[in-house]
There are 2 protein chains.
Amino acid sequence: MESKDLDVLRTAIQRFVSLSEEEWTMLTPALQYRDLARGGDWIREGQKELHVGMVLEGNMRHYYTRDGEEKTTYFYFENHLVSSYFSAITGKPSELTIEALTDSRLLTFPYAHLKSLYDRSPKWERFGRLLAEYVAMGLEERMAGLLMMSPEERYLQLLQGNKQKIIGRIPQHYIANYLGITPVSLSRIRKRLGEK
Amino acid sequence: MESKDLDVLRTAIQRFVSLSEEEWTMLTPALQYRDLARGGDWIREGQKELHVGMVLEGNMRHYYTRDGEEKTTYFYFENHLVSSYFSAITGKPSELTIEALTDSRLLTFPYAHLKSLYDRSPKWERFGRLLAEYVAMGLEERMAGLLMMSPEERYLQLLQGNKQKIIGRIPQHYIANYLGITPVSLSRIRKRLGEK
DNA sequence: CTTTTTTATTATCTTTTGTTAACGTTTTTG
DNA sequence: CAAAAACGTTAACAAAAGATAATAAAAAAG
């Protein structure tokens with residue numbers, strides 16, 4: 001296991017709490033690499049034994065399946081944590097599938113291991129709280145946007161904000177899903193905005 | 001302070017963690033009642049010193065203000081916790097206003113006090129994690145619904161699910177906001193569904 | 001009880017989105 | 001490199017939603 005990869009994960013975690021060597025060592029034995037080819041699934045709908053991962057290379061999408069249609073609702077890029085978080089929390093089978101959009105490499109650990117750290121270490125429990133709060137804030141912002149802005153406004157926000165990498169690197173029909181509209185409609189919005 | 005009211009709050013908290021007398025006593029000195037007349041604001045946009053509350057009687061809505069328009073995105077009923085949660089977490093001024101829809105009575109405590117409990121007690125820290133996870137799951141479900149369902153489907157879901165009290169007790173134009181549409185459009189949906 | 005205020009419906013018109021299908025282009029894959 | 005798959009745009013039409021205004025009913029306030 002390369003120390004550079006470990007550093008990336010540790011840095012990501014330390015955005016929430018600083019870890020002593022001892023605390024960090026509570027996690028490392030559980031780590032493992034996972035390579036995925038483009039199009040490969042990391043987590044499948046219905047799956048129960050869930051992991052948390054950090055994307056080292058590549059990018060991924062997560063989607064729900066409804067009436068046979070895939071609805072992409074989130075993207076993951078390098079240096080971000082990825083997981084079917086809510087299934088892991090509740091212990092229920094995953095309702096979503098997480099797929100690699102490009103060849104990807106992940107550093108992963110079982111969610112059950114993280115949960116055991118919550119019991120064994122106050123610092124890790126605090127990490128769990130701060131992570132959940134972070135996730136919740138992101139969702140609140142997203143939801144408020146869906147309720148208060150038009151699809152066109154949401155697209156414009158995507159063009160500006162801290163989410164430009166989505167525009168550059170993700171196929172447009174997935175972005176349409178993410179915005180809550182159809183690919184055809186997004187194409188029309190783009191035309192309307194004159195960005196041929 | 002009536003012990004019945006204290007029990008209600010304690011029960012709500014103990015849906016997440018069980019508390020010893022000692023742990024419970026860490027919170028009680030910070031509690032205070034707050035009475036609100038119909039139409040009164042509990043938390044105002046821009047406010048910084050934030051509290052968490054439990055609704056003892058009445059119901060409330062929270063809304064964002066955008067282009068001079070109020071956009072209601074959530075409702076609170078008896079026995080539920082209410083707060084401008086994300087402002088409390090980040091320490092930033094509240095972006096939303098929380099208003100009493102009927103005469104209401106709350107049992108409240110400063111968020112800063114809860115935060116101090118996170119430092120002083122692992123049990124309270126765990127409560128904080130589980131609360132954040134609970135909030136996040138609710139938001140994920142809501143967001144997925146907004147992305148994957150039509151307004152009509154969302155309204156039908158409201159009629160069935162565990163959210164009927166919203167239908168019965170909240171004015172329709174606020175519900176329209178909650179669904180992400182205009183009041184006029186909701187009225188049309190109802191007509192279409194034949195429920196005059 | 002009367003007057004406001006709030007709330008819900010309806011109508012009209014405009015704008016936007018969904019649906020389906022066709023087409024050309026780009027990218028992948030064997 | 002050739003065939004297949006994936007992707008983005010456009011068109012045509014139907015369905016739904018937004019905006020605005022008028023009206024009526026219900027609820028709250030004095």
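Remember, predicted model here, so these are calculated numbers, not experimental data. The basis for the numbers below is simple: all heavy atoms, side chains too, and nothing from hydrogens, waters or symmetry mates. Per chain, numbering begins at 1; letters A, B, ... match sequence-line order.
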Would you say C:dT17 has OP1 or OP2 under 4.0 Å from some side-chain N or O of A:T182? no

Please work out whether the ring planes of A:F16 and A:Y134 are parallel, tilted or perpendicular, with thresholds of 30° and 60°. perpendicular

What integer distance in Å separates B:I170:CD1 from C:dT6:C1'? 15 Å

Between A:A37 and A:A100, which heavy-atom pair has the shortest distance, and what is it? O-CB, 3.8 Å

Mind checking if B:P183 touches a base, just sugar-phosphate, or nothing, with heavy atoms under 4.0 Å? nothing

For A:H80 and A:F75, what are the C-alpha separation, side-chain angles and deciding distance, and is it a side chain to side chain contact (heavy atoms under 4.5 Å, CB included)? CA-CA 10 Å; A:H80 278 92; A:F75 306 108; over 6 Å; no

How many Å lie between CG on B:L147 and P on C:dG18, as a whole number? 12 Å

With a 6.0 Å cut-off (strictly less than), is the heavy-atom count around CZ of B:R44, excluding the residue itself, greater than 12? no

Could you encode protein contacts along nucleotides 21-30 of chain C as a string, one character per nucleotide from 5' to 3', using B for base contact, S for sugar-phosphate-only contact and - for no contact, with a heavy-atom cut-off of under 4.0 Å? ----------

Most 5' of A:L186 and B:R188 on DNA chain C, judged by nearest nucleotide: B:R188

Is B:E49 atom CD crowded by more than 12 heavy atoms from other residues, nucleotides or ligands, each under 6.0 Å away? no

Distance, rounded to the nearest Å, where A:L101 contributes CG and D:dC7 contributes C1': 13 Å

Donor-acceptor side-chain pairing of B:R61 and B:T72 below 3.5 angstrom: yes

Quickly work out the A:L193 CG to C:dT16 C1' distance and round it to whole Å. 13 Å

Verify the neighbour count for atom NZ of A:K115: are there more than 12 heavy atoms of other residues, nucleotides or ligands below 6.0 Å? no

Using the ring of A:Y178 (Phe, Tyr or Trp, six-membered ring only), decide whether A:R154 places NZ or CZ under 6.0 Å from its centre and within 45 degrees of its axis. no

For C:dA8, does either OP1 or OP2 sit under 4.0 Å from a side-chain N or O belonging to B:R190? no

Check the phosphate of D:dA11 against A:K191, side-chain N and O only, distance under 4.0 Å to OP1 or OP2. Yes or no? yes

A:Q172 side chain near D:dT9 phosphate (N/O to OP1/OP2, under 4.0 Å): yes

Rounding to a whole Å, what distance do you find between A:Y155:OH and C:dT17:P? 13 Å

Write down the distance between CG (B:N177) and C1' (D:dA17), rounded to a whole number of angstrom. 15 Å

Please report the closest heavy-atom contact between B:A12 and B:M54, naming both atoms and the distance. CB-CE, 3.4 Å

Can you see if the side chain of B:S187 gets near the phosphate of C:dA8 - specifically, an N or O under 4.0 Å from OP1 or OP2? no

Examine C:dA8: is either OP1 or OP2 under 4.0 Å from a nitrogen or oxygen in the side chain of B:H173? Give yes or no. yes

Looking at five pairs on each end of the helix from C:dC1-D:dG30 to C:dG30-D:dC1, what is the angle between the two axes, given to 10 degrees? 60°

Please report, rounded to the nearest Å, how far the P atom of D:dA17 is from the CD atom of B:E153. 11 Å

